[in-house]
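One-based numbering, in listed order, for ligands and for the atoms of each. Owing to the predicted nature of the structure, the values given are computational and were not obtained by experimental measurement. If you read the sequence from its start, that first residue is 1, and numbering goes on from there.
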Amino acid sequence: MSRQIIVGNWKMNGTRQDAQALVQALISGLPASAPDVVVCPPFTQLALVEPALAASPIGLGAQDCHKDVSGAHTGDISPLMLADLGVTHVILGHSERRQEHGELDETVREKAVAATKAGLTPIVCIGETEEQRESGEYEDVLGWQIKGSLPDGFAGIVAYEPIWAIGTGLAATTDQIAQTMSFLRAELVRQFGEAGKAIKILYGGSVNAGNAVSVLSIPEVAGALVGGASLKADAFLSIVSAASAA
Ligand code: 13P
């Protein structure tokens, strides 16, 4: 298996003090043969943790960016600003942004183009609702999300996060993940040809210290996008240890 990537999405959590303590604990506890590790703090904590992370193997990611480089977009942050801070990765199209901010596939695609232009690696999230899973239409939904959210020539990372598994403590089963991952791989190859084989697919949704080994052993799972468990150093480091650094 190739080197996996474990991404911590801190969402809207923590003070500056919490962020600094968490980063210090992660740096000091990082195993010697760690996989790629990226943490995505809130915007307000990026500059604070950047120096410590820059001196460590842990990468710095953000949780969103605008599609433009600059301009009249009150409250938004551009990919150029993130790159300027030393950010290397950016999560785009998370279901919480799609649901709470009405982000459409097209918006996500434009953001992915802008992030790539700024030198960032986009981590584009896709995932179905519980209703879509149960009705059996989830494959159509995921296929459309790939088609709509990933730009031509996409060279970033895809994160498959079933919405029903996010923050519920109930991860998808290994069978569900394995089946969906092979569907996603086939779809990426269908839409992107040979290049679709190289796109890494992460799983996200209630990954924790207890299920990380089984989730990360599933074929096609190139790593994990971790929410709640990324806020606790011990839990996140256990997930990191469960990943392959081969
Ligand atoms: P949880 O790990 O808390 O389920 O969150 C997953 C997620 O949304 C990561 O982006």
Side-chain angles (χ1 to χ4, degrees), residues 4-14 18-19 22 26 35-43 45-46 58-65 82 87-101 103 108 111-112 115 120-130 132-133 138 141-142 145-146 149-150 156-174 176-177 180-181 184 200-216 218 221-243:
Q4 292 187 316
I5 174 167
I6 304 298
V7 182
N9 176 7
W10 295 4
K11 307 193 180 182
M12 193 175 72
N13 288 293
D18 296 330
L22 183 50
L26 294 179
D36 291 335
V37 179
V38 175
V39 293
C40 305
F43 288 132
Q45 297 165 10
L46 291 171
I58 302 177
L60 181 61
Q63 300 173 19
D64 182 40
C65 70
L82 296 177
V87 168
T88 55
H89 291 68
V90 61
I91 298 169
L92 296 175
H94 191 282
S95 58
E96 286 150 15
R97 293 213 58 89
R98 290 177 187 260
Q99 288 180 333
E100 295 175 25
H101 298 270
E103 286 193 10
V108 178
K111 289 181 175 194
L120 305 175
T121 300
I123 302 171
V124 174
C125 303
I126 58 170
E128 80 282 2
T129 63
E130 185 167 23
Q132 290 161 341
R133 165 68 53 173
Y138 66 97
V141 170
L142 295 171
Q145 286 180 342
I146 288 178
S149 306
L150 305 186
I157 296 169
V158 170
Y160 168 57
E161 297 205 303
I163 295 169
W164 46 275
I166 294 176
T168 58
L170 215 79
T173 65
T174 48
Q176 286 172 322
I177 298 173
T180 310
M181 285 287 163
L184 293 174
K200 286 188 170 177
I201 314 173
L202 312 185
Y203 169 78
S206 296
V207 176
N208 57 41
N211 62 21
V213 170
S214 60
V215 168
L216 292 166
I218 298 169
V221 172
L225 180 53
V226 185
S230 73
L231 295 171
K232 297 182 201 95
D234 287 356
F236 192 63
L237 288 170
S238 296
I239 297 168
V240 165
S241 298

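Those atoms of ligand 1 that come under 4.0 Å of a heavy atom in L225, given as number and element, are 9 (C), 10 (O). Shown in contact with N9 at under 4.0 Å from a heavy atom are these atoms of ligand 1, numbered in order with element: 9 (C), 10 (O). Below 4.0 Å from some heavy atom of A165 lie the following atoms of ligand 1, by number and element: 4 (O). Every atom of ligand 1 is numbered from 1 in the order shown, and the set under 4.0 Å from a heavy atom of H94 is 7 (C), 8 (O), 9 (C), 10 (O). Every atom of ligand 1 is numbered from 1 in the order shown, and the set under 4.0 Å from a heavy atom of G228 is 1 (P), 2 (O), 3 (O). Near G167, with a cut-off below 4.0 Å to any heavy atom, the atoms of ligand 1 are 1 (P), 3 (O), 4 (O). If you number the atoms of ligand 1 from 1 as listed, the ones under 4.0 Å from a heavy atom of G205 come out as 4 (O), 6 (C).
Side-chain atoms of H89 and L120, non-hydrogen and from C-beta on, never get closer than 4.5 Å to each other. Taking the side chain as every heavy atom from C-beta outward, F43 and D64 approach each other to under 4.5 Å.
Looking at E161 next to ligand 1, an N or O pair under 3.5 Å apart turns up. When only interatomic distances are considered, the shortest N/O to N/O separation between T168 and ligand 1 does not fall below 3.5 Å.
A distance of 9.0 Å separates CD1 of I166 from CG of N9, quoted to the nearest 0.5 Å. Within the model, atoms OG of S95 and CD of E103 stand 10.5 Å from one another, a figure rounded to the nearest 0.5 Å.
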Evaluate the side-chain contact (heavy atoms from CB on, under 4.5 Å) criterion for residues L46 and L60: first the C-alpha distance (whole Å), next the side-chain angles of each, then the deciding distance (0.1 Å), finally the verdict.
CA-CA 8 Å; L46 291 171; L60 181 61; 3.7 Å; yes
Apply side-chain contact (heavy atoms from CB on, under 4.5 Å) to the pair R97 and Q63, showing each step before the final yes or no.
CA-CA 10 Å; R97 293 213 58 89; Q63 300 173 19; over 6 Å; no
Applying side-chain contact (heavy atoms from CB on, under 4.5 Å), run through C40 and W10 and close with a yes or a no.
CA-CA 6 Å; C40 305; W10 295 4; 6.0 Å; no
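Within the 4.0 Å heavy-atom cutoff, G204 does not count among the residues contacting ligand 1.
For the 3.5 Å distance criterion, the side chains of Y138 and Q176 fail to qualify, holding no donor opposite an acceptor.
Counting protein heavy atoms only, atom 2 (O) of ligand 1 is closest to G227 N, 2.9 Å.
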